[in-house]
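Inspection log for the structure reproduced underneath, given as structure tokens.
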Amino acid sequence: MAHGVSVLALLTVFATSTLAQAQPQELPVSEVASGIFVHHGKTALMARENDGATANIGFIIGESAVAVVDSGGSVREGQRLLAAIRSRTGKPIRYVINTHGHPDHVFGNAAFVGDGTVFVGHRNLPRALTARGQFYLDAFRRIMGEQLMDGVRLIPPTHLVDGTIKLDLGSRTLTLRSWPTAHSDSDVTVLDEQTKTLFAGDLVFLGHIPVLDGSIRGWLDVIDELNKIPAERVVPGHGPVSEWPGALTGQRRYLETLASDVRKLVARGAPITVAADTAAAGERPRWQLFDDYNARNATAAFSEIEWE
Ligand SMILES: [Zn+2]
């Protein structure tokens with residue numbers, strides 16, 4: 001009898017987990033403009049407890065097709081985004097656009113493989129994923145655990161953005177632009193021409209401290225160019241959807257302060273550890289996760305600026 005119960009229990013667990021995989025719970029999304037849906041990532045480090053769902057990700061529905069902008073920090077998050085799409089439209093998902101190669105934006109890609117979906121990204125993104133991919137997989141297996149990392153695969157784009165390209169979703173045009181090294185070396189923005197909504201990826205942070213993994217000088221130059229984009233609202237990589245271009249103000253101030261503090265330290269021959277401890281310290285009250293990233297940002301800025 002006991003044996004019978006345990007088999008039944010096992011079968012129940014198996015059936016439940018199979019069902020859970022077949023029908024993942026929809027990711028909560030909000031419609032930020034007509035036909036544009038965004039899941040607001042948690043302002044936190046990627047962790048087992050949050051499914052790696054820390055970045056803003058979303059989708060855009062046209063007359064004939066759907067485009068996904070970033071797939072999330074785990075296949076589970078990607079599957080939940082897919083469920084959110086499928087409860088709103090049966091149109092084919094023609095494109096998955098990756099705004100850059102960081103894990104919280106690309107680890108959900110495998111959920112969208114098939115049915116002719118084309119992966120789109122910066123011309124540098126395949127190289128970036130080759131260079132960093134295995135490191136990311138190993139590191140996040142430790143951080144998020146085997147179960148959540150199961151099925152995560154690095155899927156490089158086959159449709160590359162070099163300059164400006166347009167994608168047609170049927171009576172809805174997306175303008176994609178590749179940028180010089182700024183937040184990372186593979187940043188792409190997506191502008192929905194119809195609603196003037198800009199998906200900025202991690203070229204724009206709000207609330208969440210900006211994270212520097214490219215070039216501080218490059219990023220400040222890119223901000224000047226981003227400022228000219230005729231958008232009405234921005235979906236930042238992290239933080240709330242906001243009016244444009246006012247959303248750039250805080251991030252520009254932070255990066256300018258960091259660069260200027262680091263320049264002063266370099267000029268007086270201070271060691272890099274002092275930069276890590278003190279640069280942009282006055283910005284601490286203005287940003288979430290400041291202590292998780294500021295020292296790393298200062299170190300990266302120091303390494304770049306000491307060679308100026
Ligand atoms: Zn990023």
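When a ligand or atom number is given, it counts from 1 through the structure's own listing order.
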Tell me, please, if His105 has any N/O/S atom, main chain or side chain, under 2.8 Å from the Zn ion (ligand 1)? no
Answer key: the N, O or S atom of His102 nearest to the Zn ion (ligand 1) is ND1
Please name the atom of Asp202, limited to N, O or S, that comes nearest to the Zn ion (ligand 1). OD2
Side chains of residues 150-167: which donor-acceptor partners sit under 3.5 Å, not counting sequence neighbours?
unit_1 : atom_1 : unit_2 : atom_2 : d
Asp162 : OD1    : Arg123 : NE     : 3.1
Lys166 : NZ     : Thr175 : OG1    : 2.9

A side-chain contact here means heavy atoms from C-beta on lying under 4.5 Å apart; do Phe205 and Asp202 qualify? yes
Less than 3.5 Å apart, which donor and acceptor atoms pair up between the side chains of residues 268-277 and the rest of the protein, not counting sequence neighbours?
none

Looking at Lys91 and Glu63, does any basic side-chain N land under 4.0 Å from a carboxylate oxygen? no
